[in-house]
Chemist: 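Before I ask anything, let me first share the structure, which is written out below as structure tokens.
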Amino acid sequence: MRIATVNVNGIRAAARKGMGEWLTSAAPDVLLLQEVRADPEIAAPLLPGYESIVWPCRVKGRAGVAVAVREGSGIGLGETRLGVAAPGTEEPDVDSGRWLEVDLDLTGAAPGSPRVLTVISAYLHSGQIGTEKMDQKYAHLDLVDARMAALLAEQEASDGAREILMAGDLNVVRSERDIKNWKPNHNKVAGVLDDEIAHLESWFDAGWIDASRHLHPDEQGPYTWWSQRGKAFDNNVGWRLDYHVITPGFAERAESLRVDRADDYQGRWSDHAPLVIDYRL
């Protein structure tokens with residue numbers, strides 16, 4: 001099973017710039033999108049050959065996440081859950097379109113495979129130091145912490161019948177191996193703050209697995225985002241902001257990883273590049 005995640009930076013613009021060609025070439029079985037910035041009736045036709053679920057942000061022109069499965073893959077779309085807040089709790093508008101859970105039916109997979117794979121397309125806040133946006137980021141991270149703990153407990157109780165993958169643009173690096181210019185940014189720029197990093201580390205300390213580090217423990221990067229400014233892309237001055245965060249049982253099935261970085265600046269269709277991982281099922 002090939003699973004790809006990418007922040008498309010607006011699906012309409014991405015489609016105009018060549019996303020469709022990448023989708024045909026990469027042919028992921030499961031596709032997780034962030035920053036879709038479009039309603040379902042607009043986004044779905046831009047994903048030909050895929051059945052999709054799109055959750056737009058209530059603030060027009062912002063956020064939006066989607067989960068899509070390739071037609072003919074034998075994967076079924078099951079129960080869907082919107083948002084990370086506790087049931088019965090109203091999420092603020094700025095948190096909408098950022099967390100989409102979908103249960104995928106894997107009953108057609110090989111014997112011994114999980115029967116259900118819960119996938120989550122996540123787009124966490126970017127934040128900005130000294131502003132309300134940073135408060136919103138930390139408040140959302142607190143909700144994500146609670147949901148991640150609950151999901152891990154649910155998976156452990158399933159006795160292997162269910163695995164879970166949360167993937168997307170988390171807008172936080174983990175260490176100096178995840179960003180080209182660590183020292184100038186560490187504890188000075190959102191996404192590189194120790195308080196943010198502590199949230200992610202709490203997930204991994206609890207048992208979640210960072211699939212990129214599981215497959216490439218000592219590699220610098222692989223970066224998935226480059227600023228549109230200057231020569232950041234040309235000089236590979238990047239950040240690793242996009243993740244597959246998976247349950248331990250699913251980590252055993254991770255086989256290979258790649259970042260589909262464009263050949264040159266003109267070939268980019270987003271400021272992020274797809275993170276593609278193949279899993280054995």
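Keep in mind that what you see is a predicted model, and the values were worked out from it rather than measured.
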Chemist: Could you give the distance from CG (L281) to CD1 (I3), rounded to the nearest 0.5 Å?
Modeler: 7.5 Å
Chemist: Rounded at 0.5 Å granularity, tell me how far CE in M166 sits from CE in M148.
Modeler: 4.0 Å
Chemist: For S126 and K137, work out which heavy atoms get closest and say how close.
Modeler: O-NZ, 3.0 Å
Chemist: Any side-chain heavy-atom pair from V259 and P222 closer than 4.5 angstrom?
Modeler: yes
Chemist: Does any N or O in the side chain of Q220 come within less than 3.5 Å of the main-chain N or O of E176, such that one atom is a donor and the other an acceptor?
Modeler: yes
Chemist: Taking all non-hydrogen atoms of both residues into account, name the closest pair between A251 and I246 and its distance.
Modeler: CA-CD1, 3.5 Å
Chemist: Any luck finding a side-chain donor-acceptor pair between H272 and D242 under 3.5 Å?
Modeler: yes
Chemist: When rounded to the nearest 0.5 angstrom, what is the spacing between CG in N236 and OH in Y223?
Modeler: 6.5 Å
Chemist: May I ask you to say whether D260 pairs ionically with R258, meaning some side-chain N is under 4.0 Å from a carboxylate O?
Modeler: yes
Chemist: Determine, stepwise, if the pair D142 / R147 fulfils salt bridge (charged side-chain N to carboxylate O under 4.0 Å, His left out).
Modeler: CA-CA 9 Å; D142 287 340; R147 184 59 184 148; over 6 Å; no
Chemist: So S96 and E91, side chain to side chain donor-acceptor pair (under 3.5 Å) or not? Walk me through it.
Modeler: CA-CA 7 Å; S96 63; E91 284 190 317; over 6 Å; no
Chemist: Within a reach of under 6.0 Å around CZ of R177, are more than 12 heavy atoms found that belong to other residues, nucleotides or ligands?
Modeler: yes
Chemist: Taking side chain as C-beta onward, heavy atoms only, is M134 less than 4.5 Å from Q128?
Modeler: no
Chemist: Begin from the C-alpha positions of T80 and E101 and carry the test side-chain contact (heavy atoms from CB on, under 4.5 Å) through to its verdict.
Modeler: CA-CA 6 Å; T80 298; E101 298 183 14; over 6 Å; no
Chemist: Looking only at non-hydrogen atoms, find the nearest pair between G221 and R240 and report the distance.
Modeler: O-CD, 3.8 Å
Chemist: Which of these passes side chain to side chain contact (heavy atoms under 4.5 Å, CB included) with L33: I11, D169, V67?
Modeler: I11
Chemist: Work out which heavy atom in G97 is nearest to a heavy atom in A63; give both atom names and the distance.
Modeler: O-CB, 3.6 Å
Chemist: Output, in order, the C-alpha distance, side-chain angles, deciding distance and verdict of side-chain contact (heavy atoms from CB on, under 4.5 Å) for R16 and W269.
Modeler: CA-CA 8 Å; R16 289 195 303 270; W269 45 269; over 6 Å; no
Chemist: With a 4.0 Å cut-off on N to O distance, would you call R81 and E79 a salt bridge?
Modeler: yes
Chemist: Would you mind checking if R174 and E196 are paired as a salt bridge, meaning a charged N to carboxylate O distance below 4.0 Å?
Modeler: no
Chemist: Tell me if the NZ atom of K188 is crowded by more than 12 foreign heavy atoms within 6.0 Å.
Modeler: yes
Chemist: If I compare all heavy atoms of R12 with all of R37, which pair ends up nearest, and what's the gap?
Modeler: NH2-O, 2.8 Å
Chemist: What is the minimum heavy-atom distance between P114 and R253, and which atoms define it?
Modeler: CD-NE, 3.7 Å
Chemist: Is the closest side-chain heavy-atom distance between V30 and Y279 below 4.5 Å?
Modeler: no
Chemist: Does D264, at its CG atom, have more than 12 non-hydrogen atoms belonging to other residues, nucleotides or ligands within less than 6.0 Å?
Modeler: yes
Chemist: Does D278 pair with R2 as a salt bridge, N-O distance under 4.0 Å?
Modeler: yes
Chemist: Find the distance between CD1 (I75) and CG (L117) and round it off to the nearest 0.5 Å.
Modeler: 8.0 Å
Chemist: Kindly check if the number of other-residue, nucleotide or ligand heavy atoms within 6.0 Å of CG (D205) is above 12?
Modeler: yes
Chemist: Do the charged groups of E35 and R62 touch, with an N to O distance under 4.0 Å?
Modeler: no
Chemist: To the nearest 0.5 Å, what is the distance between OG (S158) and CD1 (I164)?
Modeler: 7.5 Å
Chemist: Walk me through whether Y138 and L193 qualify under side-chain contact (heavy atoms from CB on, under 4.5 Å).
Modeler: CA-CA 11 Å; Y138 282 126; L193 306 179; 3.7 Å; yes
Chemist: Please determine whether side chain to side chain donor-acceptor pair (under 3.5 Å) holds for the pair D145 and H199, giving the CA-CA distance in whole Å, both sets of side-chain angles, and the decisive distance to 0.1 Å.
Modeler: CA-CA 7 Å; D145 289 348; H199 283 273; 2.6 Å; yes
Chemist: Between Q228 and R268, do the side chains contain a donor N or O and an acceptor N or O under 3.5 Å apart?
Modeler: yes
Chemist: Is the number of heavy atoms from other residues, nucleotides or ligands under 6.0 Å of E132 CD greater than 12?
Modeler: no
Chemist: Does Q136 CD have over 12 foreign heavy atoms under 6.0 Å away?
Modeler: yes
Chemist: Between T118 and D103, does any side-chain donor sit less than 3.5 Å from a side-chain acceptor?
Modeler: yes
Chemist: Do S121 and W55 have side chains that approach each other closer than 4.5 Å (heavy atoms only, starting at C-beta)?
Modeler: no
Chemist: Between the side chains of Q155 and T247, does any donor sit under 3.5 Å from an acceptor?
Modeler: no
Chemist: Checking side-chain polar atoms at under 3.5 Å, does W226 have a donor or acceptor matched by the opposite partner on D271?
Modeler: no
Chemist: Tell me if the CD atom of E252 is crowded by more than 12 foreign heavy atoms within 6.0 Å.
Modeler: no
Chemist: Where the side chain of N235 meets the backbone of V237, is there a donor-acceptor pair that is under 3.5 Å apart?
Modeler: no
Chemist: I'd like to know if D210 and R213 make a salt bridge, using a cut-off of under 4.0 Å between side-chain N and carboxylate O.
Modeler: no
Chemist: CG of D93 to CG of D95: how many Å apart, nearest 0.5 Å?
Modeler: 9.0 Å
